[in-house]
Structure formats: structure tokens, C-alpha cells
Amino acid sequence: MAPTFKNPELVQSKPFINGEWFESKSSKTFSVYDPATGEKIAELPDMTPEEIDYAIEVTEDAFRKFKHTSPYERSKWSRNLYDLIIENLEDLAKIITWENGKCLTDARGEIKYAASYFEWFAEEAKRLYGHTIQPSNPNNKVITYKQPVGVVGLLCPFNFPTAMGARKAAPAFAAGCTAILKPDAQTPLSSLALAYLADKAGFPKGVFNVVLVSAESTPMCGLKFCESKKIKKISFTGSTPVGKLLMKQSSSTLKKLSMELGGNAPIIIFDDAKLDIAVEQSIASKFRSLGQTCVCANRIYVQSGVYEEFCKKFAEKVNQFKIGNGFEEGVTHACLINERSITKVEDHLQDAIDKGAHVLVKGGRLPELGPLFYAPSVVKDVTQDMRVINEETFGPLAAIVKFDTKEEVLHWCNDTPYGLASYVFSESLNNIWYMSEYLESGMVSVNTGIFTDAAMPFGGVKESGFGREGSLYGMDDYTVLKSITLGNVYHYDEK
Ligand SMILES: NC(=O)c1ccc[n+]([C@@H]2O[C@H](COP(=O)([O-])OP(=O)(O)OC[C@H]3O[C@@H](n4cnc5c(N)ncnc54)[C@H](O)[C@@H]3O)[C@@H](O)[C@H]2O)c1
Ligand SMILES: O=CCCC(=O)O
């Protein structure tokens, strides 16, 4: 059943282009479903290639004016948007739960997190500094300043339908870029609600545009973004294979790119860790959005001295989860996004069992709740040859591995093409520093399983991508550095 909204206007079903709900002439549509119930939520137009071209053109037209707005204006609109998101928190959270399935408490957290990017970049908009430089010629001076890169294409995933768009759009607007956003076809309503509020916040028409395409038409839209000479930068959040494809497709236009891609995050728990904190925080990391978070722990390495105790406590806590519809009071974990996600969990679990892992918590499908409900599984005695260690499960399967030395575990942690997040639990400065220094990942979280924040630079290394979102570095991805040399400005005459 549809949730009730204080402001039903937040629920839209048309593309948002040039400050208006766009009447697509496409003969095709696609449906959005509530993953918890399977009920249809909305029927949206599957925009044609010509309509995508039009939206790109509109975004470029808007850039010509928007780039001349003052950082103070952009700061004000961004702050307004923050305020509006917080004012509409409950409705926006309901939209996330409705289309993504996650618990309402998690959805509320996501909305606050999304809003925080607009708050943060409302401040950063005013702090886009350059340098003054003395070049080798004493009569010249060099100054640098940062200019907006231009029209940006934002390609967003299903798992944080509001926050991922916000994390990209906020620095783009602060820098003076205009944006065209394509949401995931499974979760487009959150982006439409954000566009509605951005308009109310005062952003000029054409600054924030949302196009809608089905999963089938997504490669067409991606290719258009990549090959468009009007779009100067693409920011993508999603899997590594799709990131690689987009990078290849963008080579003809030599686009600036940010790639926030897949992960295979290890958690390392040393014998000297505070065990209860390590258990609680490992669970928070592993099962955030039921494992559908790019920084979720995928591999849990526990030192031999505390291995058995950790496994026991971890399993006890997982057995206390309350699985159910994300709207239900008291539910701690809800459903997955689609059947493919469950199949991947089952495949990884079976592979681990076949290769000798022992089941600590059986978990499995919960058909009585619906086809996309799955109770988390936990396995121990996991080894490095198992798929769960080498591939991102992106679902509710926890794999616990025993290790002896820090050298051994470091080697295992780094033995992956991915490098997004890592977690270390220890009370020893030596352990913490050794791991933080040598772990090949863009982010290391020490003694906590939840670390992301608008103030910290988010991003990966290796095949987890490049670029940093949030923080004082977040606007760099949306700017280009210009250097201006002032010649013959300094003639000092001693006489
Ligand atoms: N590093 C990060 O910040 C981050 C954040 C969230 C998710 N992720 C990663 O995303 C993956 C899970 O999301 P997913 O399964 O939806 O990933 P995915 O790569 O399959 O899809 C991501 C988005 O890209 C779109 N897409 C697919 N093919 C495309 C194409 N040819 N052109 C343009 N867009 C295309 C999809 O429709 C979707 O909206 C995981 O690997 C996860 O780690 C990374
Ligand atoms: O899934 C990716 C984003 C998670 C986060 O920013 O905390």
C-alpha cells in the first residue's frame, strides 16, 4: 500500500527538465515496484535518445548563466535546499523505503546524510581558493583560480537513491556547474523529489535536470552522456565493470571523470581489540542496508586469540535481527532490491560451504515475508579461495576468517583489485598505524564500523575508482584550475 505523504507533490513521475515536469513523447514506459510487496509504485516515461539530447542542451544553456552566479547566491540556494530536505525529512524517507525497501530508520538517516552535503557545500561554495605563485621570471606573477568544469552528468545507483545524487549535485552546484542526473531505474522517485525541492530552494531553471530511462535504455543514455561534447564531466557511482565501460566510452571526448566503484572491504580485528565494540561495529558495517553498501565489510578477519569468542558473539547478535517490511516499527533489517542480489548471496554461500566453510547462522529466504526477503547468513572458517573473499557479495552474507599475524592479514587484505574501504579494530597504536599505512584502500576506519560523513573525503583506489566526494576536496572534481600569468608587473629600481 502507498504510504501517506504530508506533501504529495514530492511524489512525481515525469522527468524534470528546465524547471518543469517534462511531457515525454516516448511510446515506451517503465514501472517502479515496491521491493517489499511487489506492488507497482509508478509508471514512468522511458525517454527517447532525442529527449536525452534535449535535456543535455537545456543543461548547457543553463550553465552559460549559472557559471556567472556568485558563490554567495549558490551558497544560499544550497542552504535553502538543506533546510527544505530537513523540513520534508519524513516524506523523503518514506519515498526511499517505498522504492528501495530499506528500513524507515535507515531511510531517515540517509535523508539527513544527503541534506548534510548541501549544508557542507553551502559553506564550501564560498571557499574556492586559488594561489599566488612567483615564477622564475621576477617580473611576472602567477595566480591560479578554479572555474566550474561545465555541464556534469551524474549517474547514480539504487542503494542510496537520495544521498548519492546529493553527494554529487551539492559540490557541482557550489562550483557553478549545472547537472543532468540519471537515477537508477529501480529508484527514480527520490531524485525527482530532490529536483522538486532544488527548484523550491531557488536554483535557477535548468540547473538541476533529472532524466528518466528504463534499465534497457540505460546503456543508450550512458553512451549519450559519455559521447556528448556538451557534458564536460561524468560522476558515476556503481559497479567496477560499468565504470570501466563508461571510461572507455568517454575517451572520445576526453571527459573529466569521477568513479565511485565497487569495493571488497576487509575488517581486521586484532586480539587486543575491545571485542564487544568490534562485534557491534562489524555488524553495523556488514549489514548496513543488508550489505548493499559499497563500504560494507565483505571479509571479516579475526585474530586467532579471539576468533571463537568473536564468532559466537557475532552470531548471537545476528540472530536477534528483526526482518520485515521497512515501514514496520521495530524492524531492524528489511528486504533486498531484486532477485539478482539474493541469487548472488546464495551462490557465494554455497561456494563457501562447498569449499569447507562452516555455517554459523543459516539465514536464507523468507518467502512468508515476500520474494525479496532474506535472513542474513554467517559463515566461519572461510578461506582465501572462496568467492565471498574475492568478489563483492553486496548482500547479507558475513564471512569470518581466522588470521595469526598482521603481515599475513595485510597480504590477504590487499590481494584484491579493489581498494575502497578497510576497517581496523585494535587498541595498539602499532597495529593501527601499520594497517592504516599499508592497507591499499582510499579510506581506513579505525575502531568504528560507520565512518562516512560530508566532512570526510570519500573515494577509492585501484579498481574502486578515483575522485573524492565530500570534504574540502569535494569541489576539485567539479572545477578546472586556470593559471593566469601577469607579465611585467614588477620593476624595482634600487636608485
Ligand atoms: N564507491 C561508491 O561510492 C559506491 C557507492 C554505491 C555503490 N557502489 C557500487 O555499486 C554497485 C552496486 O550497484 P549496482 O549493482 O546498481 O551497480 P551497477 O554498476 O550495475 O549500476 C549502477 C548504476 O549504473 C547504471 N548503469 C548500468 N549500465 C550502465 C551504462 N552502460 N551506462 C550508464 N549507466 C549504467 C545502472 O542502471 C545503475 O543505475 C556495487 O559494486 C557497489 O559497490 C559504489
Ligand atoms: O554505498 C555507498 C555510500 C555509503 C556511504 O556514503 O556511507
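Both counts, for ligands and for their atoms, begin at 1 and track the order of listing. We number each residue from 1, following the sequence as shown.
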Novice: Using heavy-atom distances only, which candidate in L155, D184, L261, I337 approaches atom 36 (C) of ligand 1 most closely?
Specialist: D184

Novice: Suppose we measure from atom 7 (O) of ligand 2 to each protein heavy atom; which comes out shortest, and what is that distance?
Specialist: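 Going atom by atom, the protein heavy atom closest to atom 7 (O) of ligand 2 ends up being T452 OG1, 2.6 Å.
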
Novice: Identify, by atom number and element, the atoms of ligand 1 in contact range of E392, meaning under 4.0 Å from any of its heavy atoms.
Specialist: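 Per the distance check, 40 (C), 41 (O), 42 (C), 43 (O).
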
Novice: Looking at ligand 1, does R167 have a heavy atom less than 4.0 Å from it?
Specialist: yes

Novice: What part of L223, side chain from CB on, backbone N/CA/C/O, both or neither, has a heavy atom under 4.0 Å from ligand 1?
Specialist: neither

Novice: How does K182 reach ligand 1, by side chain, by backbone, by both or by neither, if only non-hydrogen atoms under 4.0 Å count?
Specialist: side chain

Novice: Considering only heavy atoms of G222, which atoms of ligand 1 have at least one such atom less than 4.0 Å away?
Specialist: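 Those atoms are 32 (N), 33 (C).
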
Novice: Ring centres of W21 and F16 under 6.0 Å apart?
Specialist: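 Yes; F16 has its ring centre under 6.0 Å from that of W21.
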
Novice: For atom 19 (O) of ligand 1, what's the nearest protein heavy atom and its distance?
Specialist: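 Going by distance alone, atom 19 (O) of ligand 1 is nearest to S239 OG, 2.5 Å.
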
Novice: Among all protein heavy atoms in this structure, tell me which lies nearest to atom 37 (O) of ligand 1, with the distance rounded to 0.1 Å.
Specialist: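 Of every protein heavy atom, T218 CG2, 3.5 Å lies nearest to atom 37 (O) of ligand 1.
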
Novice: Is the OH atom of Y473 crowded by more than 12 outside heavy atoms at less than 6.0 Å?
Specialist: no

Novice: So, 4.0 Å and heavy atoms of G263: is ligand 1 close enough to count as a contact?
Specialist: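 The answer is yes, since G263 has a heavy atom less than 4.0 Å from ligand 1.
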
Novice: Go through the side-chain N and O atoms of S217 and D46 and say whether any donor and acceptor fall under 3.5 Å apart.
Specialist: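 On atom types as modelled, these side chains qualify, holding a pair under 3.5 Å.
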
Novice: Say whether F451 and ligand 2 are in contact under the criterion: heavy-atom distance to a ligand atom below 4.0 Å.
Specialist: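 False for this residue.
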
Novice: Which of these passes side chain to side chain contact (heavy atoms under 4.5 Å, CB included) with L10: I95, L189, L194?
Specialist: I95

Novice: Have S235 and K168 got a donor and an acceptor in their side chains that come within less than 3.5 Å?
Specialist: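 Per modelled atom types, S235 and K168 side chains form a pair under 3.5 Å.
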
Novice: Within the structure, does Q292 bring an N/O atom to less than 3.5 angstrom of an N/O atom in ligand 2?
Specialist: no

Novice: May I ask you to test the S214-K28 pair for a side-chain heavy-atom distance under 4.5 Å?
Specialist: no

Novice: Quick check on contacts: which atoms of ligand 1 are under 4.0 angstrom from a heavy atom of L245?
Specialist: 31 (N)

Novice: Can you tell me if D184 and Q186 form a side-chain donor-acceptor pair at under 3.5 Å?
Specialist: yes

Novice: Numbering the atoms of ligand 1 from 1, which are under 4.0 Å from a heavy atom of V242?
Specialist: 19 (O), 26 (N), 27 (C), 28 (N), 29 (C), 35 (C)

Novice: For ligand 2, indicate whether the residue E260 contacts it via side chain, backbone, both or neither (heavy-atom separation under 4.0 Å).
Specialist: neither

Novice: Which residue owns the protein heavy atom closest to atom 4 (C) of ligand 2, what's the atom, and how far is it?
Specialist: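 The protein heavy atom lying closest is T293 CG2, 3.6 Å.
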
Novice: Record the part of F160 in heavy-atom contact with ligand 1 below 4.0 Å; permitted values are side chain, backbone, both and neither.
Specialist: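 No part of F160 comes within reach of ligand 1.
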
Novice: When you check the side-chain N and O atoms of E51 and S24, is any donor under 3.5 Å from an acceptor?
Specialist: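 Yes, side-chain donor-acceptor contact under 3.5 Å.
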
Novice: Measure R288 to ligand 2 on non-hydrogen atoms and call it side chain, backbone, both or neither using the 4.0 Å cut-off.
Specialist: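 For R288, the contact with ligand 2 is made by the side chain alone.
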
Novice: What atoms of ligand 1 come within less than 4.0 Å of a heavy atom belonging to L420?
Specialist: 1 (N)

Novice: Tell me, please, whether Y478 has K233 positioned over its six-membered ring: NZ or CZ under 6.0 Å from the ring centre and within 45 degrees of its axis?
Specialist: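 The answer is yes, since K233 meets both limits relative to Y478.
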
Novice: Pick one of side chain, backbone, both or neither for how T240 approaches ligand 1, counting any non-hydrogen atom pair under 4.0 Å.
Specialist: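 The answer is neither; T240 stays 4.0 Å or more away.
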
Novice: With a cut-off of 4.0 Å, which atoms of ligand 1 are near a heavy atom of G262?
Specialist: 41 (O), 43 (O)

Novice: May I ask you to decide if K248's main-chain N or O and S251's side chain share a donor-acceptor pair within less than 3.5 Å?
Specialist: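 Yes.
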
Novice: Which option wins on minimum heavy-atom distance to atom 8 (N) of ligand 1: C226, S289, C294?
Specialist: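 The nearest heavy atom belongs to C294.
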
Novice: Considering only heavy atoms, does N159 approach ligand 2 within less than 4.0 Å through its side chain, its backbone, both, or neither?
Specialist: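 Under 4.0 Å from ligand 2, N159 contributes side-chain atoms alone.
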
Novice: Testing the 3.5 Å rule here: is there a donor-acceptor pair between the side chains of N209 and T59?
Specialist: yes

Novice: Can you tell me if S252 and E227 form a side-chain donor-acceptor pair at under 3.5 Å?
Specialist: no

Novice: Just to be sure I'm reading this right: ignoring hydrogens, which of F236, F394, F458 gets closest to atom 12 (C) of ligand 1? Compare them by their nearest heavy atoms.
Specialist: F394

Novice: So, do V331 and N325 sit near enough that their side-chain heavy atoms are less than 4.5 Å apart?
Specialist: no

Novice: Which residue supplies the protein heavy atom nearest to atom 7 (C) of ligand 1, what is that atom called, and how far is it?
Specialist: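 In this structure, atom 7 (C) of ligand 1 has N159 ND2, 3.6 Å as its nearest protein heavy atom.
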
Novice: Atom 10 (O) of ligand 1: protein heavy atom closer than 4.0 Å?
Specialist: yes

Novice: Let me confirm one number: the OG-CZ distance from S75 to R127, rounded to the nearest 0.5 Å.
Specialist: 8.5 Å

Novice: Looking just at side-chain N and O atoms, do T187 and E99 make a donor-acceptor pair shorter than 3.5 Å?
Specialist: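 The criterion, which ignores hydrogens and geometry beyond distance, is not satisfied for E99 and T187.
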
Novice: Measure from NZ or CZ of R365 to the centre of the six-membered ring of F373 and say whether it is under 6.0 Å with the direction within 45° of the ring axis.
Specialist: no

Novice: Quick check on F225 - does any of its heavy atoms sit under 4.0 Å from an atom of ligand 1?
Specialist: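 The answer is no: ligand 1 sits nowhere under 4.0 Å from a heavy atom of F225.
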
Novice: Once you restrict to heavy atoms under 4.0 Å, what part of C156 touches ligand 1? Side chain, backbone, both or neither.
Specialist: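 Answer for C156: backbone.
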
Novice: Answer yes or no: are there more than 12 heavy-atom neighbours, outside K355 itself, under 6.0 Å from its atom NZ?
Specialist: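 It does: K355 NZ has more than 12 such atoms within range.
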
Novice: Specify the protein heavy atom at minimum distance from atom 2 (C) of ligand 2: its residue, its atom name, and the distance to 0.1 Å.
Specialist: C294 SG, 2.5 Å

Novice: Flag T237 as yes when one of its N or O atoms lies below 3.5 Å from any N or O atom of ligand 1, and as no otherwise.
Specialist: no

Novice: Going by the atom numbers of ligand 1, which of them fall below 4.0 Å from some non-hydrogen atom of L246?
Specialist: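 Near L246, meaning under 4.0 Å from one of its heavy atoms, ligand 1 has 32 (N), 33 (C).
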
Novice: I need the nearest protein heavy-atom contact for atom 13 (O) of ligand 1: residue, atom name and distance, please.
Specialist: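 Result for atom 13 (O) of ligand 1: F158 CE2, 3.9 Å.
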
Novice: Does the ring center of F451 lie less than 6.0 Å from the ring center of Y423?
Specialist: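 F451 vs Y423: aromatic centres under 6.0 Å.
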
